[in-house]
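Atoms within a ligand are numbered from 1 in the order they appear, just like the ligands themselves. Just so it is clear, the values below take in all heavy atoms, side chains as well, and ignore hydrogens, waters and symmetry mates.
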Amino acid sequence: MKVLWNDQIVDESEVKIDLEDRGYQFGDGIYEVIRIYDGYMYMEKEHLDRLWVSAEKIRMTLPFTKEALSERLHQLAKEAGLENARVYFQVTRGTAKPRLHDFPDPKEVPPVLMADIQPASRPTAKQTIGIRAGFVEDKRWLHCDIKSISLLGNLLALDEAKQNGYEEAVLVRDNYVTEASASNLWMVKNEVLYTHPDGNLILPGITKIKIREIAKALGIELKEEAFTDKELLAADECFKTSSVAEIMPIIEIDNQKIGDGMPGKVTKKILHAYIEAVN
Ligand code: PDD
């Protein structure tokens with residue numbers, strides 16, 4: 001498989017990541033995931049913009065321009081020849097020896113970039129029936145707006161939900177629902193759509209940007225306001241969104257049905273509009 005490694009496209013067997021790469025040792029890096037539909041990188045600009053915002057927030061200077069990165073990603077996509085896929089790319093703060101907590105001087109230690117492309121397809125079966133989730137306390141740090149490769153908090157939450165027999169974790173901080181383990185979280189109550197406002201407690205999703213547009217176009221009232229776990233259990237509908245899952249209905253939380261326990265009509269309308277938008 002071909003991958004992007006800094007400024008080269010190479011076979012993955014040729015990649016040499018140093019054992020002292022700060023991503024490997026400290027989780028000191030940032031990432032993005034973009035969906036490719038029929039060869040088109042969906043909302044690429046927004047994803048690149050968010051990478052630059054993440055970089056700024058972790059005080060990392062990226063040694064390439066958005067245009068250069070975009071060009072390399074497109075070249076990789078072309079070489080991979082995959083029409084429907086997802087591209088994962090990450091930038092770590094590079095290799096500094098010996099291991100030291102301090103950030104290295106960026107003039108001496110350049111960040112390390114990698115990207116790989118894997119086939120991806122719409123999770124149609126699950127979108128049709130929906131998934132079952134469980135509440136998990138949101139014990140992540142207070143910089144959830146940074147798309148950091150340090151995902152242990154998210155992974156522990158997902159694992160806790162799975163150990164309890166659920167497919168996904170709905171994270172709750174101080175009684176308020178923040179997001180899901182790797183997606184933004186939405187509820188519909190009395191025809192009004194709600195989601196947690198952007199800020200340091202959630203990742204500002206790129207799919208979320210699209211849902212705002214779709215809600216507006218469909219005349220669905222949207223309130224970006226936090227809601228509690230109890231309010232969510234009393235909602236008519238619930239779904240999560242991400243570049244990979246798109247719009248995924250959540251039909252049960254903690255074994256309690258949301259609405260009638262089936263994907264809701266507003267959710268289905270939004271999913272339909274999203275599918276139209278990406279094609
Ligand atoms: N996850 N919230 C969290 C914690 C996420 O990890 C993600 C994305 C989102 C949705 O963001 P977007 O709409 O830009 O994909 C929200 C990606 C897909 C991942 O980690 O694989």
Side-chain angles (χ1 to χ4, degrees), residues 23 27 29-37 41-54 57 73 84-91 114-123 126-127 131 133 135-161 167-173 176-187 193-215 222 224 226 238-248 250 270-271 273-275 277-278:
I30 50 178
Y31 77 106
E32 281 294 328
V33 181
I34 306 183
R35 259 301 250 120
I36 300 177
Y37 293 101
M41 271 186 214
Y42 190 62
M43 300 188 82
E44 179 193 352
K45 181 187 178 302
E46 289 80 356
H47 283 280
L48 293 185
D49 287 348
R50 187 173 62 186
L51 185 77
W52 259 257
V53 170
S54 293
K57 286 181 173 166
L73 293 175
N84 290 292
R86 67 103 182 100
V87 56
Y88 172 88
F89 50 109
Q90 66 167 45
V91 193
M114 70 70 69
D116 87 322
I117 296 197
Q118 296 286 341
S121 54
R122 173 159 303 129
K126 285 199 171 175
Q127 285 174 339
I131 59 166
F135 287 124
V136 174
E137 191 186 337
D138 191 347
K139 295 181 191 161
R140 300 173 301 164
W141 67 337
L142 294 172
H143 290 297
C144 299
D145 50 327
I146 298 172
K147 203 154 171 60
S148 160
I149 61 170
S150 318
L151 284 171
L152 206 43
N154 304 57
L155 308 185
L156 281 166
L158 177 63
D159 186 64
E160 189 177 326
E167 291 165 85
E168 175 59 291
V170 172
L171 304 178
V172 182
R173 196 190 284 270
Y176 284 94
V177 172
T178 50
E179 56 184 343
S181 72
S183 321
N184 291 118
L185 205 282
W186 308 70
M187 75 169 193
L193 184 58
Y194 295 84
T195 196
H196 196 288
D198 287 348
N200 67 316
L201 299 183
I202 66 160
L203 185 81
I206 303 305
T207 318
K208 191 177 177 188
I209 298 174
K210 198 72 204 170
I211 306 298
R212 284 189 191 106
E213 286 173 27
I214 290 174
L222 167 61
E224 297 199 32
C238 175
F239 62 92
K240 65 171 190 171
T241 59
S242 78
S243 303
V244 177
E246 301 182 334
I247 285 79
M248 181 62 70
I250 295 180
I270 293 172
L271 172 59
Y274 191 81
I275 291 172
V278 303

In a simple table, one pair per line, please give the protein and ligand 1 atom names for every N or O pair closer than 3.5 Å, along with the distance.
unit_1	atom_1	unit_2	atom_2	d
ligand 1	1 (N)	Lys147	NZ	3.4
ligand 1	1 (N)	Ala182	O	3.1
ligand 1	2 (N)	Glu179	OE1	2.7
ligand 1	13 (O)	Ile206	N	3.3
ligand 1	13 (O)	Thr207	N	3.0
ligand 1	13 (O)	Thr207	OG1	2.6
ligand 1	14 (O)	Arg50	NH1	2.9
ligand 1	14 (O)	Arg50	NH2	3.0
ligand 1	14 (O)	Ile206	N	2.8
ligand 1	15 (O)	Ser243	N	2.8
ligand 1	15 (O)	Ser243	OG	2.7
ligand 1	20 (O)	Tyr31	OH	2.6

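Taking the six-membered ring for Trp and thresholds of 30 and 60 degrees, Tyr42 and Tyr37 have ring planes more than 60 degrees apart, a perpendicular arrangement.
Among all heavy-atom pairs drawn from Arg140 and Arg173, the shortest one is O-NH2, 3.1 Å.
Checking Ile250, Thr195, Leu193 one by one against Phe239, the side-chain contact (heavy atoms from CB on, under 4.5 Å) holds for a single residue, Leu193.
With hydrogens and angles ignored, the 3.5 Å screen pairs no side-chain donor or acceptor of Arg212 with any backbone N or O of Leu222. A distance-only check finds no donor-acceptor pair linking the side chain of Gln90 to the backbone of Ser148 [under 3.5 Å].
From Leu271, atom CG reaches atom CD1 of Ile247 across 5.5 Å, with rounding to the nearest 0.5 Å.
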